[in-house]
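The structure appears right after this line, and notes come after that.
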Amino acid sequence: VVREPGPTSFVLRAENSDTKYKINIGDRHTCSCKTASELCVHILFVLLKRYRIPPENALIWQLSFTDDEISKVLSGRIQYNGSQGATTKKTGPKQKVVRRPIDDVCPICYEDMDAAQYLVFCK
């Protein structure tokens, strides 16, 4: 990390190079390396190393964060909670959540779902 212009903005320098990349985390994650509509290694570096989000956490693969998720990430309240994704340190003891049966189509994005896939679900 070369510079941190703001709490969700970073300038990174590539290893063994003078090339610098500007990364913004938030409503839409962006990086000046111009990786087309994907998470690039620079964004993943910031999420994993600077914010210390566990690699198992579903937030790592999101292309954007909500305001609530940004607040939790900035305050360091994100941690790993098994296969259930993100939780906060303020929650009480872990509670077993009964998973609903998987239908064949996602009710949000209407993509086909398969029980063999790793699926993230909400409580």
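Note that these values count all heavy atoms, side chains included, but never hydrogens, waters or copies made by symmetry. In what follows, residues are counted from 1 in the order of the sequence shown.
- Summarising the geometry of Cys31 relative to Ile23, their closest heavy-atom pair is SG-CG1, 3.8 Å, with the distance given to 0.1 Å.
- Rounded to the nearest 0.5 Å, atoms CD1 (Ile70) and OH (Tyr51) are 8.5 Å apart.
- To the nearest 0.5 angstrom, Ile43 atom CD1 is 8.0 Å from Leu63 atom CG.
- The minimum heavy-atom distance linking Phe65 with Leu59 is given by the pair CE2-O, 3.4 Å.
- In terms of heavy atoms, Pro54 sits closest to Leu48 at C-CD2, 4.4 Å.
- Note: the hydrophobic cluster containing Val41 does not contain Ile60 (ILVMFWY, side chain heavy atoms under 4.5 Å, direct or indirect links).
- Atoms CG and CG, from Leu47 and Leu39 in turn, are 7.0 Å apart once rounded to the nearest 0.5 Å.
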*Checking side-chain contact (heavy atoms from CB on, under 4.5 Å) for the pair Asn24/Thr8: CA distance, chi angles, key distance, verdict?*
CA-CA 6 Å; Asn24 289 305; Thr8 60; 5.6 Å; no
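- Listed for the Ser64 side chain is no donor-acceptor partner under 3.5 Å among the backbone atoms of Gly26.
- Minimum interatomic distance between Gln62 and His29 (heavy atoms only, all atoms of both residues): O-CD2, 3.3 Å.
- Rounded to the nearest 0.5 angstrom, Lys22 NZ and Lys20 NZ are separated by 12.5 Å.
- For an aromatic pair to be called close, the ring centres must be under 6.0 Å apart, and Phe45 with Tyr21 fails this.
- Taking the ring centroids of His42 and Phe10, they lie at or beyond the 6.0 Å cut-off.
- Of the possible polar contacts, one joining the Ser71 side chain to the Asp67 backbone as a donor-acceptor pair under 3.5 Å is found.
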